[in-house]
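Report on the structure given below.
Counting from 1, the numbers follow the sequence of the chain as shown. Values below: every heavy atom of this structure, side chains too, minus hydrogens, waters and symmetry copies.
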Amino acid sequence: MTDIRLVPRVLALANQKGGVGKTTTAINLGTALAATGEKVLIVDLDPQGNASTGLGIDRRSRNRSTYDVLMRETPIRDAILETAVPRLSIVPSTMDLSGFELEIAHERDRAYRLRDALKGLNATPNGGTEYGYVLVDCPPSLNLVTVNAMAAANSILVPLQCEFFALEGLSQLLKTVEQVRTSLNPGLTIHGIVLTMYDARNNLAGQVVADVRSFMGEKVYDTMIPRNVRISEAPSYGKPVLLYDLKCVGSQAYVRLASEIIQRERSLRAA
């Protein structure tokens, strides 16, 4: 039987809407999980490469990227870069990734490129503990790159902005997840939905929270990520907000979210 500690839990952060906090959540959740002692890898699948930039990875140092990994030109281990956060690494992204879908459109295994690449993380040459978590930051669309993430993932983590059209976008995403589960990845689940950019002064935000919790029940995390200027400022310094300002409300929210995710993971493993 495979030791579960040597098999990373792959969580894909997905939502076809842009500006909902996917990349911010990937960076700061990864940092919070690493702070608990987990070894975490972020896979940047957005051609804009904002997760890479937000973790201080200079574009000139991205000699090997997720594009090279998905095109099978580079083993994933050779594309991993360390970040300033202890125990947090990243496979960076470049604009080359925007052409990936067209280049392999006719390949039979086009949906499984990431899944196959991640198998390279499970073998530990020295017998040490591997990555506990792989967080895949998806682009803001339901394209072949996102399908690759879903086909490789154990679960989907959905950042959802507290705005009027939130549920409409969520319905579309859930349909895609169901299609991937049916055709590509039978074990795929929704790990949870994290409500982002919450402003308690906004009556609409409170209504959205109530609607989403009514619609998705226990799948919605208790933790909500507030609107917080420190979260917005941190990427321009190439830092997660937990390094930029640990005591701000945004940082503390991501610490709570990480704790909640770890608790859900323990429940899943015990089931």
Val10 with Ile261, same ILVMFWY side-chain cluster at under 4.5 Å: no

Sidechain-backbone polar pair: Asn148 side chain, Ala151 backbone, donor-acceptor under 3.5 Å: no

Test item: side-chain donor near acceptor, Asn203 and Gln207, under 3.5 Å: no

Atom pair CG (Asn28) and CG (Leu135), whose distance is rounded to the nearest 0.5 Å: 11.0 Å

From CG (Leu195) to CZ (Arg213), nearest 0.5 Å: 6.0 Å

Of Asp44, Leu45, Ile76, the residue whose pairing with Val91 passes side-chain contact (heavy atoms from CB on, under 4.5 Å): Ile76

Inter-residue atom distance Leu160.CG - Leu173.CG, 0.5 Å rounding: 9.0 Å

Thr66 side chain to Arg113 side chain, donor-acceptor N/O pair below 3.5 angstrom: no

Side chain to side chain, Gln252 and Arg256, heavy atoms closer than 4.5 Å: yes

Check: Asn50/Thr23 side-chain N/O donor and acceptor closer than 3.5 Å: no

CD (Gln263) with more than 12 external heavy atoms under 6.0 Å: yes

Closest non-hydrogen atom pair, Ala34 against Val85: CB-CG1, 4.4 Å

Heavy-atom pair of closest approach, residues Ala51 and Asp137: CB-OD2, 3.6 Å

Distance in Å, Leu170 CG paired with Ile193 CD1, rounded so as to fall on 0.5 Å steps: 4.5 Å

Distance in Å, Ser232 OG paired with Arg227 CZ, rounded so as to fall on 0.5 Å steps: 8.0 Å

Residue pair Asp245 / Glu233, side-chain heavy-atom distance below 4.5 Å: no

Donor-acceptor contact below 3.5 Å, side chain Arg77 vs main chain Gly120: yes

Stepwise side-chain contact (heavy atoms from CB on, under 4.5 Å) check, Lys22 with Asp46: CA-CA 10 Å; Lys22 282 190 300 295; Asp46 189 339; 6.0 Å; no

Ion pair Asp109/Arg72, N-O distance below 4.0 Å: yes

Plane angle bin for Tyr237 and Tyr244 - parallel if under 30°, tilted between 30 and 60°, otherwise perpendicular: parallel

For Leu55 against Pro240, the heavy-atom pair lying closest together: CD2-CG, 3.7 Å

Sidechain-backbone polar pair: Arg62 side chain, Ser93 backbone, donor-acceptor under 3.5 Å: yes

Residue pair Ser155 / Thr189: nearest heavy atoms and the distance that separates them: OG-OG1, 2.7 Å

Flag side-chain contact, heavy atom, 4.5 Å: His191 against Glu265: yes

Electrostatic pair Glu178:Lys175 at N-O distance under 4.0 angstrom: no

Thr83 (side chain) donor-acceptor with Leu88 (main chain) under 3.5 angstrom: yes

Any donor-acceptor pair under 3.5 Å from Tyr131 side chain to Ile42 backbone: no

With sequence neighbours excluded, residues passing salt bridge (charged side-chain N to carboxylate O under 4.0 Å, His left out) with Glu82: none

Single-linkage hydrophobic cluster, 4.5 Å side-chain cutoff, Val209 and Val20 together: no

Student check: side-chain heavy atoms of Ile262 and Leu33 closer than 4.5 Å: yes

Cluster overlap Ile27 with Leu41, hydrophobic side-chain contacts below 4.5 Å: no

Check: Cys162 and Met197 side chains under 4.5 Å, non-hydrogen atoms: no

Verdict with supporting geometry, Leu142 and Gln172, side-chain contact (heavy atoms from CB on, under 4.5 Å): CA-CA 9 Å; Leu142 298 176; Gln172 186 180 350; 4.0 Å; yes

Flag, side chain of Glu101 to backbone of Asn143, donor-acceptor distance under 3.5 Å: no

Short side-chain to backbone donor-acceptor contact, Gln16 and Gly169, under 3.5 Å: yes

Value rounded to 0.5 Å, distance of CG in Leu144 from CZ in Phe100: 5.0 Å

Sidechain-backbone polar pair: Asn228 side chain, Val249 backbone, donor-acceptor under 3.5 Å: no

Side-chain donor/acceptor of Asn185 to backbone N/O of Met150, under 3.5 Å: yes

Shortest non-hydrogen separation from Ser65 to Thr94 and the atoms involved: OG-OG1, 3.5 Å

Shared hydrophobic cluster, Ile156 / Val212 (ILVMFWY, side-chain heavy atoms < 4.5 Å): yes

Verdict with reasoning, Leu184 to Tyr112, per side-chain contact (heavy atoms from CB on, under 4.5 Å): CA-CA 8 Å; Leu184 300 172; Tyr112 291 118; 3.5 Å; yes

Within one Ile-Leu-Val-Met-Phe-Trp-Tyr cluster: Val69 and Leu118, side-chain cutoff 4.5 Å: yes

Test log, rule side-chain contact (heavy atoms from CB on, under 4.5 Å), inputs Leu242 and Tyr254: CA-CA 8 Å; Leu242 282 86; Tyr254 278 113; 4.1 Å; yes

Check: Ala153 main-chain N/O paired with Arg115 side-chain donor or acceptor under 3.5 Å: no

For Pro92 against Ala79, the heavy-atom pair lying closest together: CD-O, 3.4 Å

SB check Lys17 Glu163 (cutoff 4.0 Å): yes

